[in-house]
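In listed order, ligands and their atoms are each counted from 1.
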Amino acid sequence: MERTFIAIKPDGVQRGIVGEIIRRFEAKGFTLVGLKLMQANRELAEQHYAVHKERPFFAGLVEFITSGPLVAMVWEGDGVIASARKLIGATNPLNAEPGTIRGDYGVSVGRNLIHGSDAPETAQQEIKLWFKDEELVGWQPTITPWLYE
Ligand code: DAT
Ligand code: MG
């Protein structure tokens with residue numbers, strides 16, 4: 001089964017919507033296999049956003065993501081990588097559809113609440129960057145036959 005890395009950024013934690021965000025992933029039918037509250041250090045943040053290091057917003061992005069606690073998670077399910085991106089919505093919350101997390105809770109690109117891996121390769125890299133193997137728990141919910149045929 002596919003896995004993706006999801007992080008509720010420091011603004012999502014401060015806004016008090018950790019439970020609401022987790023609820024949406026659970027309600028959809030995805031399975032939580034890793035979860036921790038942590039504060040990322042500069043090195044981790046710079047590695048995570050390495051693809052953006054030449055962009056003008058990089059310094060601010062690293063500053064923001066390291067500024068307070070975030071919730072790092074791994075979610076599992078068929079097609080979870082692309083589906084999570086849909087639950088999250090467009091990068092700029094003003095362009096994100098109502099019903100998406102960013103569409104419902106955000107108003108600016110620099111405070112867009114949540115990160116989700118964008119492809120299978122990045123999902124694998126990000127899970128490895130943020131979690132040790134032993135921090136992930138593979139399990140099968142008893143409701144699986146009611147989610148998949
Ligand atoms: P996403 O988080 O939707 O995958 P991304 O990978 O293009 O978006 O960018 C990573 C983060 O960088 C994004 O969540 C918020 C920030 N960011 C992107 N574009 C930005 C911009 N033009 N100005 C400020 N911050 C930006
Ligand atoms: Mg991205």
Side-chain angles (χ1 to χ4, degrees), residues 1-138 147-148:
M1 276 244 192
E2 199 170 274
R3 288 180 174 183
T4 194
F5 173 70
I6 301 292
I8 304 173
K9 298 179 184 182
D11 53 339
V13 175
Q14 294 287 351
R15 296 275 304 280
I17 56 172
V18 169
E20 170 60 22
I21 290 173
I22 290 174
R23 189 197 66 75
R24 291 181 179 213
F25 281 84
E26 285 184 322
K28 174 71 174 165
F30 293 130
T31 304
L32 184 62
V33 297
L35 172 75
K36 57 185 172 184
L37 180 85
M38 60 182 284
Q39 187 158 359
N41 61 29
R42 179 165 295 273
E43 188 190 352
L44 176 58
E46 286 179 351
Q47 280 186 65
H48 175 74
Y49 281 125
V51 65
H52 298 303
K53 69 171 177 291
E54 307 303 336
R55 310 283 285 275
F57 58 80
F58 181 74
L61 181 58
V62 169
E63 199 64 40
F64 162 59
I65 211 76
T66 58
S67 67
L70 58 78
V71 176
M73 299 180 282
V74 177
W75 287 88
E76 185 177 86
D78 271 0
V80 68
I81 299 169
S83 179
R85 296 278 298 186
K86 289 190 173 182
L87 292 175
I88 290 168
T91 302
N92 185 337
L94 292 178
N95 299 330
E97 293 296 328
T100 65
I101 293 162
R102 288 169 174 166
D104 286 350
Y105 295 104
V107 287
S108 78
V109 68
R111 298 288 184 271
N112 66 4
L113 302 162
I114 178 166
H115 167 85
S117 308
D118 61 9
E121 308 74 53
T122 46
Q124 211 179 344
Q125 286 166 16
E126 290 170 2
I127 291 168
K128 216 172 151 157
L129 179 65
W130 289 84
F131 283 90
K132 299 178 185 140
D133 280 348
E134 62 266 30
E135 291 177 319
L136 300 177
V137 180
L147 290 166
Y148 297 97

- Measuring from I65:CD1 to L44:CG, what's the distance to the nearest 0.5 Å?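 The distance works out to 9.5 Å.
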- Item | Gap between atom CZ of R15 and atom CD of E20 - 0.5 Å precision |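 E20 atom CD to R15 atom CZ measures 11.5 Å (nearest 0.5 Å).
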- How about W75 and F30: are their ring centroids closer than 6.0 Å? no
- Quick one: does N112's side chain have a donor or acceptor within less than 3.5 Å of a partner on P93's backbone?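 Judged by distance alone, no pair lies under 3.5 Å.
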- Cation over ring face, K9 and F64, 6.0 Å, 45°: no
- Item | E135 to W130 - nearest heavy-atom pair and separation |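 Heavy-atom minimum between the residues: OE1-O, 4.1 Å.
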- Note on the structure: Heavy-atom nearest pair, D11 first then L113, reads OD2-N, 3.0 Å
Element-labelled atoms of ligand 1 that are located less than 4.0 Å from some non-hydrogen atom of [X]:
X	value
T91	1 (P), 3 (O), 8 (O), 13 (C)
Y49	10 (C)
R85	1 (P), 3 (O), 4 (O)
N112	13 (C), 14 (O), 15 (C)

- Message: I want to confirm something. Looking only at heavy atoms, which of F64, F57, F58 is nearest to atom 25 (N) of ligand 1?
- Response: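 Checking each option, the heavy atom nearest atom 25 (N) of ligand 1 is found in F57.
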- If you measure from atom 15 (C) of ligand 1 to every heavy atom of D118, N92, V109, which option wins on shortest distance? V109
- At the 4.0 Å heavy-atom cut-off, does K9 count as touching ligand 1? yes
- Is the closest heavy atom of R102 to ligand 1 under 4.0 Å?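 Under 4.0 Å: yes for R102.
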- Among all protein non-hydrogen atoms, which one is nearest to atom 6 (O) of ligand 1, and what is the separation to 0.1 Å?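 The answer is H52 NE2, 2.9 Å.
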